[in-house]
Amino acid sequence: HPLLNRWALWFFKNDRSWAWEDNLHLVTKSDTVEDFWAMYSHIQLASKLSSSCDYALFKDGIEPMREDSRNKRGGRWLVSLAKQQCHSELDRLWLETLLRLIGESFKEHSRKVRGAAINIRAKGDKTAIWTRAAENQEGVLHTGRVYKERLGLSTKMVTGSQAHADTATKSNSLAKNKFVM
Amino acid sequence: GTRIIYDRKFLMECRNSP
């Protein structure tokens, strides 16, 4: 079953003796549903990763970094997970995120989605959907609404969208949310 | 081109099929 896009899985493991880009590794690419599941069943669950590791699933040809020219004007919807959320909840959220991406669940806004990332951090894990344009209110809000709805996130849980241009100059936690849901 | 949209249910069924 062919996917509309070919998706690349990236793995990041922070090692301070190397430059940031050197810690980012392309794992594999999937362009069918079967490839995707083969990939998913061969990698560690996100909850098993050590702190300061990331996974990212991005459309082929786009690197999961702000510096990629196609991400410069973009942004992300960020979901911060409380530390007390259990591992199974983290894995569930990440898998649901992946399924929304490969299934192109964002309908006409799917073209505006670049990919998604999960960051495992001691302070609290985070997942985010990256979008093409941070300023396109309709597109950003639609993506955020669908993301939250499909992931079954509580309506009380606050998610925020940030422009990469803002997170590049401030620490992530201080970056201003352009839209909040 | 043709839109290929898969819902969650279909994707999960593919996972479980041999």
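Letters go in sequence order (proteins before strands), and every chain restarts at 1. What you see is a predicted model, and the numbers here were worked out from it, not measured in a lab.
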*Any idea how Trp130(A) and His164(A) line up, ring-wise: parallel (<30°), tilted (30 to 60°), or perpendicular (>60°)?*
tilted
_Starting from Tyr55(A), can I reach Val113(A) by hopping between I/L/V/M/F/W/Y residues whose side chains sit under 4.5 Å apart?_
yes
*Quick one: what part of Leu95(A) sits under 4.5 Å from any heavy atom of chain B, side chain, backbone, both or neither?*
side chain
_Structural part of Tyr40(A) lying under 4.5 Å from a heavy atom of chain B_ = side chain
_NZ/NE/NH1/NH2 to OD/OE distance under 4.0 Å, Asp68(A) and Arg70(A)_ = yes
*Answer yes or no: does atom CH2 of Trp18(A) have more than 12 heavy-atom neighbours from other residues, nucleotides or ligands under 6.0 Å?*
no
*Is chain B contacted by the side chain of Arg100(A), its backbone, both, or neither, given a heavy-atom distance below 4.5 Å?*
side chain
